[in-house]
Amino acid sequence: MSAPLVTKYLVRIWPAGTTPPDMLQSEMSSPESATEGQEGNDRAEIQAIKGWAQMHANGEGVTYSYEVCRDSLVAALTGSDTTQRVVATIASGTVEPASTD
């Protein structure tokens, strides 16, 4: 059995229809990543950020948008010691406030 991985992310939530804020750095190390790899962390991070947006949507009574990007460094395959930062969006969407019925 291997240990859980740590994956770095850039995340943000904001009221839909407004200017998105700057991205915040986040890390995830879910237990699932020990068996599923990075996909386990991706799923856990997306769920956490979507839940954060939902909490704000419910509290403020407005629709919230969210975005999750994986933030990684990739070594160049050119034989040099250079790395390149790669930021890839892995999830984005909106959540509506929960009804109070």
Do Thr19 and Trp14 have side chains that approach each other closer than 4.5 Å (heavy atoms only, starting at C-beta)? no
So do the side chains of Val11 and Glu67 get within less than 4.5 Å of each other, counting heavy atoms only? no
Heavy-atom closest contact (Pro4 atom, Ser30 atom, distance): CB-O, 3.5 Å
In terms of heavy-atom contacts, Met28 and Ala48 come closest through CE-CB, 4.4 Å
A side-chain contact here means heavy atoms from C-beta on lying under 4.5 Å apart; do Asn41 and Leu5 qualify? yes
Candidate pair Leu10 and Val87, rule side-chain contact (heavy atoms from CB on, under 4.5 Å), full reasoning: CA-CA 8 Å; Leu10 295 173; Val87 176; 4.0 Å; yes
Can you name the closest pair of heavy atoms from Ala53 and Ser65 and give their distance? CB-O, 4.4 Å
With side-chain contact (heavy atoms from CB on, under 4.5 Å) as the test, would you mind laying out the steps for Tyr9 and Glu27 before giving the verdict? CA-CA 6 Å; Tyr9 298 92; Glu27 290 185 354; 5.9 Å; no
Please answer whether the main-chain N or O of Ile90 pairs with a side-chain N or O of Asp42 as donor and acceptor at a distance below 3.5 Å. no
Between atom CD1 of Ile49 and atom OH of Tyr64, what is the distance when rounded to the nearest 0.5 Å? 13.0 Å
Within 6.0 Å of CD in Gln47, more than 12 heavy atoms from elsewhere: no
Measuring only between side-chain heavy atoms, which start at C-beta, is Thr63 closer than 4.5 Å to Pro97? yes
Within-4.5 Å side-chain heavy-atom neighbours: Tyr66 and Val95: yes
Do the non-hydrogen side-chain atoms of His56 and Ile13 ever get within less than 4.5 Å of each other? yes
State whether the side chain of Asp71 and the backbone N or O of Lys8 hold a donor-acceptor pair below 3.5 Å, judged by distance alone. no
As an exercise, state the distance from SG of Cys69 to CZ of Arg12, rounded to the nearest 0.5 Å. 7.0 Å
To the nearest 0.5 angstrom, please state how far the CZ atom of Arg70 sits from the OG atom of Ser26. 13.0 Å
State, without any angle test, whether Glu45 and Thr7 hold a side-chain donor-acceptor pair at a distance under 3.5 Å. no
Point-to-point distance, once rounded to the nearest 0.5 Å, from CD of Glu32 to CD of Gln38: 14.5 Å
Do you reckon Val6 sits in the same ILVMFWY cluster as Leu24, going by side-chain contacts under 4.5 Å, direct or chained? no
Taking all non-hydrogen atoms of both residues, which atom of Asn58 and which atom of Glu96 are closest, and how far apart? OD1-O, 4.2 Å
